[in-house]
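The block underneath contains the structure these notes are about, expressed in structure tokens.
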Amino acid sequence: MRRPLLLAAAAALVATALTPVLGPVEPAQAAEPPKVLVWGGAYGFRHPSITTGETTMVQLAQDTGKFDVTVTENPADLSMATLRQYDVLMWVSTTGKAPMTQQQREDVVRWSSCGGGNLGIHAALDSEYGWAEHTKLFGAQFDSHPHGAGAPPARMFVEDRTDPIVAGWSHSDSFEMADEYYRWRSARGIPGISLPRNAPGTEVLLSLDETSVAAGIQEGAQPYEDDQPIAWKRSFGDGRVFYNNMGHNESTWAQPEYQLSLVRAIDWLSQVRPDQACLDAEAPLPAGPTPPAPDRKKIGKPCAVPAMRSTNEASDFRAVTTTDSQALGGGLPGNFAWGGQTWVVDLSPTRSVTADVTIDLAWALPTDDYDLSITTAWGFYGSDNGVGTPREQVVIEDVPHCAILQVAGDNMLAPSMSGTTATISVAPHLRR
């Protein structure tokens with residue numbers, strides 16, 4: 001169902017702001033314009049800018065004629081029956097865990113890998129904890145936002161000034177923008193983990209100058225990574241993905257340069273369209289992460305345990321050889337990772353090369369709903385059973401000696417705020 005245009009005055013302002021950057025609207029193209037499904041469902045904190053984003057996208061579609069837009073906040077639309085009618089799925093700050101079935105999740109993954117384009121905005125990555133394929137799709141996951149929405153503008157580096165998506169900012173190597181900027185879990189100072197920059201098939205377009213963020217952040221418990229990615233594009237199977245962390249502030253959506261980036265991103269994403277035959281096929285879904293081959297030079301040698309500043313009530317790094325546990329904080333219902341623990345898998349006592357690792361997350365009351373998410377240097381893992389099962393578990397096979405596992409317990413619906421306990425068990429593959 002198409003949402004009728006409300007707030008006509010606001011839409012007119014959007015159109016006025018757009019004209020200086022886009023220029024005159026080009027004649028309609030012979031090819032059918034791509035169809036964009038704008039998904040604004042929020043099940044955690046609802047950003048006021050979701051409504052602004054939805055209105056902006058409708059107005060941009062009308063002003064440019066370059067694409068068609070349907071706005072939905074109905075999770076039932078995240079199904080193959082609906083997705084196959086669209087070329088791009090736009091996630092506008094979709095916090096929390098949407099009430100989707102396992103079949104719907106597989107539909108999203110299959111549609112994406114068969115050529116569907118995904119456009120993520122801001123809190124699209126503060127969502128769906130425990131759904132590892134969602135994190136793999138975009139290549140990162142929210143950790144914190146030290147530089148908040150009310151902070152002074154921060155500086156962005158334009159890493160590829162030739163890319164059309166960032167054409168509005170390409171007049172210089174950098175620009176300033178006031179917004180709320182996330183810090184990624186994969187950038188918590190963990191050696192070997194710098195996602196999404198190092199993820200295969202990823203090209204960073206904008207990055208954060210950490211020297212420009214609010215005072216005290218870089219000296220505190222939640223510093224930003226050097227030149228942390230803010231906007232990037234990547235591949236997912238035969239499909240394409242674009243993500244921009246900007247968009248928390250409603251004022252961002254009125255910026256002509258930002259609007260241009262949205263139009264150009266849709267153009268790039270829709271250069272590949274979903275393959276209808278692929279959507280109907282029974283081909284396997286994309287495989288999960290695969291641990292790297294172990295470094296045999298480290299066999300039998302104790303692992304170095306890096307220093308790490310605690311954040312979100314997380315403990316420091318600890319080496320684990322057999323088993324270990326850590327109590328995690330409870331946090332706020334529908335919120336992000338309120339507690340975490342980072343373990344180094346040390347197999348030196350057995351001189352093993354690899355091990356199978358089991359990670360459990362447990363809590364006291366079945367009415368709570370915590371999710372388990374794990375970040376590694378080679379990808380993401382997760383588990384997110386529904387309410388009624390006071391435990392999540394992930395088993396990772398063939399974990400190499402000295403691998404680092406960042407474990408988080410995410411409070412998606414925990415009325416008691418009782419907190420959780422994370423336990424890791426290591427089963428080395430004994431050498432013969």
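Any value given below was found using the heavy atoms of this structure, including those in side chains, with hydrogens, waters and symmetry copies removed.
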Locate the shortest heavy-atom distance separating [X] from [Y]; write the atom from each residue and the value.
X	Y	value
T367	V387	O-CG1, 3.7 Å
S270	I266	OG-O, 2.7 Å
W378	P400	CH2-CD, 4.1 Å
V213	L208	CG1-CD2, 3.9 Å
S144	Q222	CB-NE2, 3.5 Å
L37	D77	CD2-O, 4.2 Å

Positive for ring-ring contact (aromatic ring centres under 6.0 Å, His included) with F142, one of Y243, Y129, Y182: Y182
Ring center gap for W268 and F242 short of 6.0 angstrom: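 No, too far apart.
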Ion pair [X]/[Y], N-O distance below 4.0 Å:
X	Y	result
R183	D143	yes
D163	K233	yes
R197	E159	yes
D410	R185	yes

What I'd like to find out is whether the side chain of [X] reaches to under 4.5 Å of the side chain of [Y], using heavy atoms alone.
X	Y	answer
Q393	D360	yes
N245	I230	yes
I50	E73	yes
T420	E392	no
M246	M156	yes
S112	V108	yes
V399	D356	no
V345	L405	yes

Strictly distance-based, threshold 3.5 Å: is any side-chain N or O of [X] a donor or acceptor partner for the main-chain N or O of [Y]?
X	Y	value
E203	W232	no
S348	R351	no
Q326	T421	no
W91	W39	no
D179	G247	yes
N249	A178	yes
R273	G117	no
R161	S170	yes
W184	P229	yes
Q406	T342	no

Pairwise ring pair (Phe, Tyr, Trp, His ring centres under 6.0 Å) hits with a residue in residues 146-167, at least two apart: H147-Y181
Sole candidate of D275, D280, D107 that passes salt bridge (charged side-chain N to carboxylate O under 4.0 Å, His left out) when paired with R84: D280
Verdict with supporting geometry, L89 and L83, side-chain contact (heavy atoms from CB on, under 4.5 Å): CA-CA 8 Å; L89 174 61; L83 290 174; 4.2 Å; yes
Salt bridge (charged side-chain N to carboxylate O under 4.0 Å, His left out) assessment of K35 paired with D87: CA-CA 5 Å; K35 292 180 171 58; D87 304 298; 5.9 Å; no
Interatomic distance, T135 atom OG1 to Q141 atom CD [nearest 0.5 angstrom]: 4.0 Å
H401 and V353: CA distance, side-chain angles, deciding distance, side-chain contact (heavy atoms from CB on, under 4.5 Å) verdict: CA-CA 6 Å; H401 175 50; V353 178; 5.9 Å; no
Verdict with reasoning, I165 to L205, per side-chain contact (heavy atoms from CB on, under 4.5 Å): CA-CA 8 Å; I165 296 178; L205 302 182; 4.1 Å; yes
Contacts of H47 that satisfy ring-ring contact (aromatic ring centres under 6.0 Å, His included) - sequence neighbours left out: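 H47 satisfies ring-ring contact (aromatic ring centres under 6.0 Å, His included) with F45, H122, H248 once adjacent residues are dropped.
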Show me the donor-acceptor pairs, under 3.5 Å and distance only, between side chains in residues 282-303 and residues at least two apart or in other chains.
residue, atom, partner, partner atom, Å
D295, OD1, K297, N, 3.0
K301, NZ, K297, O, 3.3

Trace of the side-chain contact (heavy atoms from CB on, under 4.5 Å) decision for Y224 with T211: CA-CA 9 Å; Y224 289 97; T211 68; over 6 Å; no
